[in-house]
Amino acid sequence: MMSTDGFGAYLVIALMALVMLFTRFGGVFITGLLPLRPRVMSFIDAMSGSVLVAVLVPIAVEADMAGRLGMLATAGVMLLTARPMAGVSLGILVTALLRLGGIS
Amino acid sequence: MPDITAPQLTAADIRRGFWRILPISLFVFVFGLAFGVAALQSSMTNIDVMLMSITVFAGTVQFAVLDMWGTQVPILPLLLTALAINSRMLLMGASLYPWLRLLPVRRRYASLIILSDANWAMTLNDLQQGRNNLGTLVGGGIALWTCWQAGTLTGLLLGSGITDPKSIGLDMVMGCFMLSMVMVGKRNLRKSLAWCLSAIAAYAAYRWLPPNTHVIVGAVAGGAVGIFWLETPSQ
């Protein structure tokens with residue numbers, strides 16, 4: 001336990017900021033210690049897109065039906081046009097309209 | 001991965017990156033607004049809340065901290081929670097390493113100070129399409145950081161009395177954006193297999209493992225495909 005009186009709060013925030021800096025710098029630093037053999041590069045390549053997928057999973061699981069259909073709309077636009085901003089815009093629009101219409 | 005050239009950075013690159021990410025930053029503003037409003041209900045002073053937004057700059061972590069804040073703070077659990085939630089940044093940084101290593105050490109780390117989800121995703125995409133774009137990382141980071149501060153401050157000042165962002169679909173911006181970033185790149189069987197494994201593993205971790213482990217578990221499962229299935233050189 002640590003007190004948040006006076007400077008205590010600043011200290012807690014500073015420690016958190018340090019931990020965040022570690023997460024932002026750490027990946028590059030640790031990878032820098034590895035030999036960049038083809039197998040390591042291949043791991044990084046396959047892992048990078050997988051991060052996005054793993055971030056998406058709980059969003060899709062927790063979303064309501066309107067949100068999921070919105071994501072489906074985004075996916076549709078991406079397959080047809082490959083334009084991210086168009087995909088995101090339609091996804092939000094579909095979600096908002098469905099919720100307006102009482103579907104959630 | 002396509003051929004990689006050393007990233008450069010001019011003021012014009014930063015400006016371009018800033019404007020590219022700004023539309024997505026609207027979500028970060030709204031998220032920051034929600035955070036500011038939530039922080040009003042906590043025992044944190046407004047100054048502490050702003051200081052945290054400025055230096056910590058990690059939405060999900062900051063929401064978790066609000067729940068744990070009091071006159072006494074369990075410091076170790078708090079820092080470990082922060083580490084677990086933000087551990088995805090370790091992977092995001094690692095994914096940019098093959099390209100960032102071409103920079104001098106100081107610039108390499110300086111460009112990571114405001115690493116965040118959206119500017120990382122767009123930078124990775126550029127990189128996979130052979131575009132050399134440090135401006136997206138840095139300029140985009142500046143846009144996201146600024147909107148996060150503006151959102152927090154607005155939330156603290158206005159309090160509740162703001163229309164529900166959910167009703168206009170703003171809670172889905174990040175989900176739709178991440179999805180569009182997954183789908184914009186080139187697809188092949190190797191990548192698709194990695195993504196499927198990542199999705200299954202992340203789902204299982206989300207359901208059955210401790211909170212905040214799903215990104216690491218999913219990413220490592222997807223990466224494992226890369227260990228056993230080497231990419232054929234593009235030349």
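In what follows, every chain begins at residue 1, and chains take the letters A, B, ... in the order their sequences are listed.
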Leading residue by heavy atom contact count with chain A [cutoff under 4.5 Å; candidates B/V61, B/V220, B/I75, B/L96]: B/I75
Chain B interface, residue from A/S3, A/G26, A/A82, A/G67 that has the most non-hydrogen pairs under 4.5 Å: A/S3
Between CE on residue B/M50 and CD1 on residue A/I13, distance to nearest 0.5 Å: 11.0 Å
A/S50 versus B/A194, closest heavy-atom pair with distance: OG-O, 3.8 Å
Over all atoms of both residues, closest heavy-atom pair of A/V51 and B/A219: CG2-CB, 3.8 Å
B/A221 portion near chain A, given a 4.5 angstrom heavy-atom threshold: neither
Engaged part of B/R207 at the chain A interface, taking heavy atoms whose separation is under 4.5 Å: neither
Atom group of B/Y203 that falls short of 4.5 Å from chain A, counting heavy atoms: both
Chain A interface, residue from B/S43, B/P74, B/A58 that has the most non-hydrogen pairs under 4.5 Å: B/P74
Spacing of B/L76 atom CG and A/M1 atom CE [to the nearest 0.5 Å]: 12.0 Å
Smallest separation among heavy atoms of A/V88 and B/S180, with atom names: CG2-OG, 3.9 Å
Closest-packed option against chain A by number of heavy-atom pairs under 4.5 Å, given B/G222, B/A202, B/G218: B/G222
Under 4.5 Å from any heavy atom of chain A - which part of B/V65: side chain
Aromatic ring pairing A/F25/B/Y109, orientation class (parallel under 30°, perpendicular over 60°, tilted between): perpendicular
Option that, when pairs with chain B are counted at under 4.5 Å, heavy atom only, ranks first among A/V57, A/V55, A/I59: A/V57
CD-CG distance between A/E62 and B/D171, expressed to the nearest 0.5 angstrom: 12.0 Å
Residue, of A/G70, A/A75, A/P38, A/A63, that accumulates the most heavy atom pairs under 4.5 Å with chain B: A/A75
Between B/H214, B/R108, B/Q72, the one whose heavy-atom pairs under 4.5 Å with chain A are most numerous: B/Q72
Contacting region of A/L56 [heavy-atom separation from chain B under 4.5 Å]: side chain
B/R131 CZ: over 12 foreign heavy atoms closer than 6.0 Å: yes
Side-chain (A/S42) to main-chain (B/G226) donor-acceptor, under 3.5 angstrom: yes
Step-by-step side-chain hydrogen bond (donor to acceptor under 3.5 Å, both in side chains) determination, A/T23 to B/R88: CA-CA 8 Å; A/T23 61; B/R88 67 180 190 286; over 6 Å; no
Where B/G169 and A/T95 come nearest, the two heavy atoms and their spacing: CA-CG2, 4.1 Å
Contact leader toward chain A among B/A121, B/G175, B/S198, where contacts are heavy-atom pairs under 4.5 Å: B/S198
Pair B/R101, A/T31: side-chain N/O donor-acceptor within cut-off below 3.5 Å: no
Side chain to side chain, B/M172 and A/R99, heavy atoms closer than 4.5 Å: yes
Gap separating the CG atom of B/L90 from the CZ atom of A/R24, nearest 0.5 angstrom: 11.0 Å
Side chain proximity check, B/R190 to A/D45, heavy atoms < 4.5 angstrom: yes
Heavy atoms from other residues, nucleotides or ligands near CD1 of A/I30 exceed 12 (cutoff 6.0 Å): yes
Side chain, backbone, both or neither of B/V217 within contact of chain A (heavy atoms, under 4.5 Å): neither
Heavy-atom contact with chain A under 4.5 Å, split by part of B/L78: side chain
A/Y10/B/D48 under side-chain contact (heavy atoms from CB on, under 4.5 Å): CA gap, chis, key distance, verdict: CA-CA 7 Å; A/Y10 299 146; B/D48 289 348; 3.4 Å; yes
Chain B interface, residue from A/A46, A/A86, A/A66 that has the most non-hydrogen pairs under 4.5 Å: A/A46
Side chain, backbone, both or neither of B/L179 within contact of chain A (heavy atoms, under 4.5 Å): both
Region of B/W120 that comes under 4.5 Å of a non-hydrogen atom in chain A: side chain
A/M85 side, atom CE; B/R20 side, atom CZ - distance, nearest 0.5 Å: 8.0 Å
A/T4 side, atom OG1; B/M44 side, atom CE - distance, nearest 0.5 Å: 8.5 Å
A/F22 vs B/N86 side-chain heavy atoms within contact, under 4.5 Å: no
Contact winner vs chain A - B/W69, B/F57, B/W229, heavy-atom pairs under 4.5 Å: B/W69
Heavy-atom pair of closest approach, residues B/S95 and A/I44: CA-CG2, 3.7 Å
Side-chain heavy atoms of B/Q128 within contact of A/S48, under 4.5 Å: yes
Note, A/L36 side chain near B/Y97 side chain (heavy atom, < 4.5 Å): yes
For chain B, the option from A/P58, A/A60, A/P84 that forms the most heavy-atom pairs under 4.5 Å: A/P58
